[in-house]
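Some notes on the structure that comes next.
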Amino acid sequence: MNSHSPALLRAVRGPVLLITLGMLFTADYFADWPFHRTWPVLLIVFGILKLLERMSVRQTES
Amino acid sequence: MRRASVIGPLLLILMGAWFLVSSLRPDLPLLEVAARYWPLLLIGWGFLRLVEILLWAARSKPLPQAGLSGGEWTLIVLICLVGSGLYLANRSRPWHRMGVITSKRVEMFGQTYDFVLAEQRKTLGKTPRIVLENLYGDVRISGVDGDELQVSGRKTLRALESGDAERADRQSVVEISTQGEQTVVRTNQDRVTGEQRITTNLEITVPRGASLEARARSGEFEVSDLGGGLEITSDRSRVRLRNIGGGVRLNLRRSDGVTAQEVKGGVEVTGDRGADVDLQDIGGPVTVNGSFHGSLQFRNIAQAVRFQSERTDLRVEKVPGHLYTDLRELRGRNLVGPVRLSTRSRDIQLEEFTEAVEIAVDHGDISLRPAQKALAKIEARTRRGRIEVALPESARFQLRGSTAQGELNNDFGAALKAEDEGRGGRIVSLVAQGPEVVLSTERGSITVRKDTGTPLESAPKPLKLEAEAEGGRVRVEKY
């Protein structure tokens, strides 16, 4: 199975978001980056994953 | 298609291990560890699932629709909420490290053990210096004739087993020692290892001329008939003092209330978040620093009173009468000025004061009634609020009052002239002699009336028929 396949990217989305969430909380507790400032990173990561998914869908279609 | 994952079983194992360790080793601060390191659980979980998915993909097995199911997300949200709550609770309470949260188990499952302290005596001089270190517990200290220090009391321990309690009791023996010029009384609660909670309640009598310094975390202090000075440092205490010969200095992070009567020296109270402060018959200067959510009360203070908080700065030269303030109002009667007050939001009412008065408020009404004799300079400014001044009929003064929006009430008579200006107006003395009286508000009425001897409090509240809304003109006030 191609690593760029849309199914894989969709399946990976949850775990990647979870890891990001954990890292943001860690950054809050152990570094000086409070979660209330860094939460938009979650949106960005979600957006990037969505974008990759779209691109791979187009690739597999073409 | 739903695939079997290792995460569910792993989570179960982790939870089981956590509960097992916490019941086998109750002294370990597991809750603290969990409060701080729970985000690593999310990272580990995400990482494992990622590896699983990549493995499935590499083996060309069918992939799940979503990497994490709805149920899993719900659990994650729950973990985040509980974890953040724990972390906040952990961080906002420094005394937590003293074992308050970790000893929740002791609170729930432990038992209370009582130990009576053997009375200890030690002969000191007539004016010894005594240092007391008791972390948790109430202390009652009284000065008596003689030159002997006497310590007795009761220790309360909360522990899971009687063996723990006895060990903790042995570790926390009350000691009296001499260090140079001073005598130290220690309860040694900090030497106790493990999860027990101790409070040591002490009854101490000291020679009447003693001076005392006490350090504590929480508990009540009651000190009476002490000839020397007194200094108390505590994280959270209620303090009651009576008949103290020297100065008093109280350094309380969070006070549950301070009462002091008959102190010959000065009193200095510092606190972060304090409840009520009530000081009466104080011979020296009084300084109160910090935010107090309760009320402050000063009665018969022979020297200057100063109260300073984030928003308020108050100085009064002497308080032969009574001064009261809380977050909403400040009332004073029989004060010796100069009185200086700046604050953000309070209604102010001062009566029978002498010497100059200077008041600046952002938001609040001001009512002033100076003493009949010898009028001095008065300056009262508020941005939003009414100003009312009752002046002695015979007094000479140069009054200048102005309001940007609100009406003027001249009940004083022909010596004053009021003229409207836009939505507000000015009121001025016709003859310029005597001390200045400056009244200024940006929004609110100004009333100047003759002092007929009626106190402000008993004056009936103005009957408000406020048709002020748009025009800002019509308003009926009846006295």
Side-chain angles (χ1 to χ4, degrees), chain A, chain B residues 1-3 5-8 10-11 32-92:
Chain A
M1 188 175 270
N2 187 334
S3 67
H4 284 291
S5 80
L8 177 64
L9 279 166
R10 196 167 52 231
V12 150
R13 194 161 66 209
V16 169
L17 279 175
L18 185 56
I19 293 172
T20 318
L21 185 69
M23 280 161 88
L24 292 186
F25 272 111
T26 313
D28 183 348
Y29 296 174
F30 296 95
D32 256 350
W33 292 319
F35 185 76
H36 65 86
R37 294 228 183 107
T38 53
W39 65 267
V41 171
L42 284 172
L43 290 185
I44 294 172
V45 170
F46 188 80
I48 290 173
L49 287 169
K50 258 314 210 196
L51 205 65
L52 286 175
E53 215 178 294
R54 291 271 163 80
M55 282 160 65
S56 69
V57 167
R58 223 169 285 156
Q59 270 179 6
T60 45
E61 275 171 358
S62 61
Chain B
M1 174 188 161
R2 186 95 189 95
R3 300 199 59 86
S5 163
V6 294
I7 306 220
L10 273 181
L11 274 179
E32 267 185 25
V33 173
R36 211 165 155 73
Y37 293 97
W38 67 269
L40 298 184
L41 181 76
L42 299 188
I43 296 179
W45 182 348
F47 189 74
L48 273 177
R49 176 51 59 85
L50 193 65
V51 169
E52 270 180 351
I53 286 171
L54 290 176
L55 274 177
W56 291 336
R59 289 177 190 164
S60 300
K61 287 185 180 170
L63 292 172
Q65 272 290 321
L68 289 165
S69 68
E72 282 173 309
W73 276 118
T74 313
L75 187 57
I76 289 163
V77 169
L78 215 70
I79 291 175
C80 286
L81 288 177
V82 173
S84 311
L86 272 181
Y87 179 76
L88 283 178
N90 194 17
R91 197 182 51 173
S92 60

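In what follows, chains carry the letters A, B, and so on, assigned in the order in which the sequence lines appear, proteins first and then strands, with residues in each chain numbered from 1.
When the ring-ring contact (aromatic ring centres under 6.0 Å, His included) test is applied to A/Phe25, the partners found at least two apart in sequence or on another chain are A/Phe35, B/Trp38. Listed by chain and residue number, nothing satisfies the ring-ring contact (aromatic ring centres under 6.0 Å, His included) test with B/Phe47 (two or more places apart in sequence, or in another chain).
Residue B/Ile76 touches chain A through its side chain alone, counting heavy-atom pairs closer than 4.5 Å.
Here the closest non-hydrogen pair linking B/Ala35 and A/Tyr29 is O-CE1, 3.8 Å.
Of the residues considered (B/Ser84, B/Ala66, B/Gly83), B/Ser84 shows the highest number of contacts with chain A, using heavy-atom pairs under 4.5 Å.
Using a 4.5 Å heavy-atom cut-off against chain B, no residue of residues 38-48 of chain A qualifies as contacting. Of residues 10-22 of chain A, those residues with a non-hydrogen atom less than 4.5 Å from any non-hydrogen atom of chain B are, in numerical order, A/Arg10, A/Ala11, A/Val12, A/Gly14, A/Pro15, A/Val16, A/Leu17, A/Leu18, A/Ile19, A/Leu21, A/Gly22.
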